[in-house]
Amino acid sequence: MKDFLSLLDRNKRFFLLTLLVGVVYSAIGVAIPTISGQLITSVVADSANRTILLCIFLLISCCQICFAELNEYVGNTLKIRQKKQMRKNAFHAFSAHDNAKREDISAFVSFVNNDIPSVAEQYFQGTIDIIKCTSIIIFSALSLLYIHWVLALVIVGVSLLIVILPNTMRKKGGAARKIYSGKLAKYNTTLQSILDGLRLVKAYRCQKYAAESVDLADDGIGRSETVLLKHQLIVQGITTSLQVTKTVLILLIGIYLISKNEIDIGSLVAVIQLAEVISAPIEVLAYLRHGRNEVLPILEQYKSMIQIKSESKDIRTECTETFNQLSVDHISYHVDDLTILTDVCAHFMAGRKYLITGESGSGKSTLLRLIAQIGNLQYGGQILYNQHEIRNIAYNAYYEKVCPVFQEPYLFYATLEDNICVGRPISRDVYFDVIKKLNLEYLLNRYHNQELTPELMETLSGGERQRVALARAMVGRPSIYLLDEVTSALDQSNAELVEQLLLDESAMVLHICHKPNPALLNQYDGIYELSNGVLAPTTL
């Protein structure tokens, strides 16, 4: 129970409110047929209590209408709130990993869009529905026991069979659901991959390959859905057979008891109505339990995801002192059997400008990513910020001083201003100063307050995107710029303008450039060449 409530997070109280409303609504649903039977008996016997019973019946009927609306409202509101909370928890947990692969991202998007709603519906709301159905059964059983113990025994006994027997499909149904979820994630990954490459599909005339790839993934969904449907049909068949058996037994036993004068007509009417009241929740209860069990594997996946986030507390230390130097101390880096960096050493001082050159594939970008703490950080040696190993420095403290800008600029689907400020409290003076220096006024005027949709993104040149990415870095006033081919998409005049702006910054600049500008080389305090994984000072 404690684990269940912890998964509700901030919705515990609302869950209990929803549960209370549901139980009261269930009790009202049982009270109405019970009182109606007594009302009929009093009318037939011309009892003086018939007026009081009629008033009570009408009052409870009005309460049923009110609680029906309230039950619907709180139930749906709980699902909305729980889905929102689960999406939030899942995002915070997943976004803690900055090296997720494309297929991992697609699978996560599928998990958020498909699996989280299923868990909220079938597990959390399903738990309330199960308790409500159980309440109806218990209240009805007590009422039936008051009327006649034989009828109570028959109805409750068969009802329990309706609940218990379908539960034998629990493990198979859960496994089928997990397979279906995996197939759906595979389809989404394949579909996104093909859609992102539609231009390539057209240019390389591989429409058949693209269609076959998507169709194959779609076939996997179809097969897994068929298996899932088979399990659901078996459950339905068992439930229907037992429901029919219960109806026949109630009718035969009821007729027999009336012939023996052990129950009256009013009691028979109440029994028939209570049997109807029980039949719906009993049938639904089997599906609810089956559906709840189906999503247990998905729930375990969600629990593992948020548990990893909660356990991965940042035990790194703060580093608040003024930046003095950054040192790369005997860094080696390997990917499987491929050696990328070998015993790389260098010292970079605050405020100075450094250029690293080298052929494509020499490891320049890898070195920059390691310093930026992006991706796999399983390197040998040390990268020291003011004599502190960067893997021991809190991320927020480190990125407050260090700002990477990569060759392929990434823009969010947001306004240009939001892409530059990204939620930081940037002063307007600093913001407009950077915009002016990078000659971005025209771009901000053109797309004023417009969200960059995929279509609008296509209208931006590579150079424009790169300057927006540079503005994002410069408005933060970092102590260290880590630049990876940041002028490669710019024309010659803009490239020289941007590089000169960066060289004029008071921060340290570590610039990786495949083709340096000869006119600006004399402004660098140090020039290094990376070749065959080895970094060495050079002159160009």
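Nearest heavy atoms, H148 versus E262: NE2-OE1, 2.8 Å. Contact record, S118 with V295: O-CG1, 4.0 Å, taken as the closest heavy-atom pair. Residues E294 and L228 come closest through the heavy atom pair OE2-CD1, 3.3 Å. Looking at every heavy atom in both residues, Y399 comes nearest to Q373 through OH-O, 3.2 Å. What you find for A176 and H231 is that their closest heavy atoms are CB-CD2, 3.7 Å. Closest non-hydrogen pair, L8 versus F124, comes out as CD2-CD2, 3.5 Å.
Looking only at atom types and distance, the side chain of S181 has a donor-acceptor partner in the side chain of D115 under 3.5 Å away. Looking only at atom types and distance, the side chain of S106 has a donor-acceptor partner in the side chain of Q192 under 3.5 Å away. Between the side chains of T459 and Y447, at least one donor N or O sits under 3.5 Å from an acceptor N or O. At a cut-off of 3.5 Å, with distance as the only test, a side-chain donor of Q273 or S36 sits close to an acceptor on the other residue. In this model, no donor atom of one side chain and acceptor atom of the other lie less than 3.5 Å apart for E400 and N396. Looking only at atom types and distance, the side chain of S143 has a donor-acceptor partner in the side chain of T34 under 3.5 Å away.
In this structure, Y410 and F412 have perpendicular ring planes: the angle between them is above 60°, well past the 30° mark.
Side-chain contact between Q122 and N293: absent, with no pair of heavy atoms (C-beta onward) separated by less than 4.5 Å. Residues V422 and D418 are not in side-chain contact: their nearest non-hydrogen atoms beyond the backbone lie 4.5 Å or more apart. Residues L452 and L416 form a side-chain contact, since some pair of their non-hydrogen atoms from C-beta on lies under 4.5 Å apart. Considering only heavy atoms from C-beta on, N188 comes within 4.5 Å of N114 through its side chain. Proximity of W149 to L144: side-chain heavy atoms (C-beta onward) are nowhere separated by under 4.5 Å. Between E121 and Q82 there is no side-chain heavy-atom pair separated by less than 4.5 Å. Contact of the E389 side chain with the N392 side chain is registered, since non-hydrogen atoms from C-beta on lie closer than 4.5 Å. Proximity of L142 to Y146: side-chain heavy atoms (C-beta onward) are nowhere separated by under 4.5 Å.
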* Give the C-alpha distance, both sets of side-chain angles, the deciding distance and a yes or no for side-chain contact (heavy atoms from CB on, under 4.5 Å) between L296 and E300. => CA-CA 6 Å; L296 286 179; E300 290 301 318; 5.5 Å; no
* To do: Determine, stepwise, if the pair I179 / R223 fulfils side-chain contact (heavy atoms from CB on, under 4.5 Å).
  => CA-CA 10 Å; I179 292 172; R223 287 192 298 270; over 6 Å; no
* With side-chain contact (heavy atoms from CB on, under 4.5 Å) as the test, would you mind laying out the steps for L19 and I131 before giving the verdict? => CA-CA 8 Å; L19 181 59; I131 295 175; 3.5 Å; yes
* **Chi angles and distances behind the salt bridge (Lys or Arg N to Asp or Glu O under 4.0 Å) call for E417, R472** => CA-CA 9 Å; E417 182 172 348; R472 181 189 297 158; over 6 Å; no
* To do: Carefully, step by step, assess L78 and V74 under the rule side-chain contact (heavy atoms from CB on, under 4.5 Å).
  => CA-CA 6 Å; L78 176 65; V74 294; over 6 Å; no
* To do: Would you please test N449 and T415 for side chain to side chain donor-acceptor pair (under 3.5 Å) and show each step?
  => CA-CA 6 Å; N449 286 334; T415 65; 5.7 Å; no
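Applying the 6.0 Å contact sphere to CZ of R446 captures more than 12 heavy atoms from other residues, nucleotides or ligands. Around atom CZ of R13, no more than 12 heavy atoms belonging to other residues, nucleotides or ligands sit under 6.0 Å away. Heavy-atom contacts from other residues, nucleotides or ligands closer than 6.0 Å to NZ of K178 number 12 or fewer. Shown here is K12, whose NZ atom has more than 12 heavy atoms of other residues, nucleotides or ligands within 6.0 Å. Counting non-hydrogen atoms of other residues, nucleotides and ligands closer than 6.0 Å to CD of Q450 gives a total above 12.
Side-chain N or O atoms of R477 include none that pairs as donor or acceptor with a backbone N or O of A473 at under 3.5 Å. Judged by distance alone, with hydrogens and angles left aside, the side-chain atoms of R289 form no donor-acceptor pair with the main-chain N or O of V284 at under 3.5 Å. Not one N or O on the side chain of S140 forms a donor-acceptor pair closer than 3.5 Å with the backbone of I137. Of the possible polar contacts, none joining the D218 side chain to the V214 backbone as a donor-acceptor pair under 3.5 Å is found.
With values rounded to the nearest 0.5 angstrom, L274 atom CG is found 5.5 Å from I147 atom CD1. S61 contributes atom OG, which lies 8.5 Å from atom CD1 of I35 (distance to the nearest 0.5 angstrom). Atoms CG and CG, on L20 and L70 in that order, are 9.5 Å from each other to the nearest 0.5 Å. In this structure, R87 CZ and F91 CZ are separated by 13.0 Å, a value rounded to the nearest 0.5 Å. Summarising the geometry, atom CG belonging to L7 is positioned 11.0 Å from atom CD belonging to Q85; distances are rounded to the nearest 0.5 Å. One finds the CZ atom of F4 at 4.0 Å from the OG1 atom of T127 (value rounded to the nearest 0.5 Å).
Under the side-chain contact (heavy atoms from CB on, under 4.5 Å) test applied with I253, the options L251, L257, I255 reduce to a single match, L257.
When ring centroids are compared, Y123 and Y302 stay outside the 6.0 Å threshold.
A cation-pi arrangement is absent between R177 and Y180 under the rule of less than 6.0 angstrom and at most 45 degrees off the ring axis.
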